[in-house]
J.: 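Could you have a look at this structure, given as structure tokens, before my questions?
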Amino acid sequence: MTIKKQPSTLSPETQAEAMKIAKATQKPAQTKEQTKLVAQGIQHGIELYKKQQKAKSRERDKLRKKQVKEKTQPQLETSQQEEVNAVVEPPKTQWLPWGLLVISWIGFIAYTQWL
């Protein structure tokens with residue numbers, strides 16, 4: 001399966017702007033073909049810039065929609081989640097660090113007593 005790349009359709013304004021910029025930066029000994037190549041490069045740069053801006057715009061729109069969705073969630077749903085979180089108790093592994101601390105101090109005291 002091959003993916004066909006859609007031909008880029010640049011607006012006439014973009015092409016005119018690229019040619020204007022290319023002519024403004026034209027060197028005295030530069031040929032028309034070279035100027036056209038420079039204009040094509042500028043067009044390509046403008047096209048990439050527009051793609052990047054569209055992608056950023058889509059990301060901002062997704063983030064905005066997500067924030068709006070989070071704000072419009074019913075308050076009952078969040079209060080139910082809080083109740084569920086309050087009911088679930090943390091695991092009883094808090095004794096482990098304290099037990100290890102006590103054992104290490106007992107070992108340290110015993111070691112220093114027998115020296």
Side-chain angles (χ1 to χ4, degrees):
M1 178 193 250
T2 60
I3 299 175
K4 293 183 180 181
K5 184 178 179 184
Q6 294 179 348
S8 61
T9 55
L10 293 174
S11 66
E13 295 86 13
T14 304
Q15 292 174 348
E17 185 180 350
M19 186 56 81
K20 180 181 171 185
I21 294 170
K23 286 184 179 181
T25 59
Q26 186 177 12
K27 304 286 182 189
Q30 190 170 331
T31 64
K32 288 184 179 181
E33 290 81 21
Q34 291 171 333
T35 304
K36 286 182 183 180
L37 288 173
V38 170
Q40 286 176 353
I42 293 170
Q43 288 175 1
H44 181 69
I46 291 171
E47 184 179 337
L48 287 176
Y49 175 77
K50 287 182 179 180
K51 284 182 183 178
Q52 290 173 350
Q53 293 305 311
K54 284 182 183 179
K56 287 180 183 178
S57 176
R58 281 192 301 271
E59 289 298 319
R60 284 192 303 263
D61 192 42
K62 286 180 184 177
L63 181 62
R64 183 185 57 81
K65 286 181 181 179
K66 184 178 180 182
Q67 290 174 346
V68 168
K69 185 178 180 181
E70 288 175 356
K71 287 182 181 179
T72 59
Q73 282 183 337
Q75 292 297 326
L76 293 175
E77 197 172 294
T78 56
S79 64
Q80 289 172 351
Q81 289 176 353
E82 290 174 0
E83 289 175 9
V84 169
N85 291 339
V87 171
V88 176
E89 294 180 13
K92 299 289 184 183
T93 58
Q94 295 177 357
W95 61 269
L96 182 63
W98 289 106
L100 291 174
L101 179 66
V102 169
I103 291 171
S104 66
W105 275 102
I106 291 172
F108 176 72
I109 292 170
Y111 177 74
T112 56
Q113 294 295 322
W114 287 324
L115 283 180

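For the single chain, residues carry numbers from 1 onward in sequence order.
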J.: Under a single-linkage definition using a 4.5 Å side-chain heavy-atom cutoff for Ile, Leu, Val, Met, Phe, Trp and Tyr, are I103 and W98 assigned to the same hydrophobic cluster?
T.: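 Hydrophobic grouping puts I103 apart from W98.
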J.: Taking all non-hydrogen atoms of both residues, which atom of A39 and which atom of A18 are closest, and how far apart?
T.: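 Heavy atoms only, the tightest pair is O-CB, 3.6 Å.
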J.: If you apply the rule side-chain contact (heavy atoms from CB on, under 4.5 Å), what do you find for Q43 with E47, and how did you get there?
T.: CA-CA 6 Å; Q43 288 175 1; E47 184 179 337; over 6 Å; no
J.: Enter the distance from T31:OG1 to Q26:CD here, rounded to the nearest 0.5 Å.
T.: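 Here the rounded value is 8.5 Å.
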J.: Taking only residues two or more places apart in sequence or in another chain, which ones pass ring-ring contact (aromatic ring centres under 6.0 Å, His included) with W105?
T.: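 Once residues adjacent in sequence are excluded, the partners of W105 under the ring-ring contact (aromatic ring centres under 6.0 Å, His included) criterion are F108.
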J.: Could you tell me whether R64 and D61 have a side-chain N and a carboxylate O separated by less than 4.0 Å?
T.: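 Between D61 and R64 there is a salt bridge, with a charged N closer than 4.0 Å to a carboxylate O.
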J.: Measure the CD-NZ distance between Q30 and K36 for me, rounded to the nearest 0.5 Å.
T.: 12.5 Å
J.: Between K50 and I46, is a side-chain contact (heavy atoms from CB on, under 4.5 Å) present by the stated rule, with each step listed?
T.: CA-CA 6 Å; K50 287 182 179 180; I46 291 171; 3.9 Å; yes
J.: Going from CG on L48 to NE2 on H44, what distance comes out if it is rounded to the nearest 0.5 angstrom?
T.: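 Separation between the atoms: 4.0 Å.
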J.: Is there side-chain contact between L101 and S104, with heavy atoms separated by less than 4.5 Å?
T.: yes
J.: Check whether any side-chain heavy atom of M19 sits under 4.5 Å from a side-chain heavy atom of T35, and report yes or no.
T.: yes
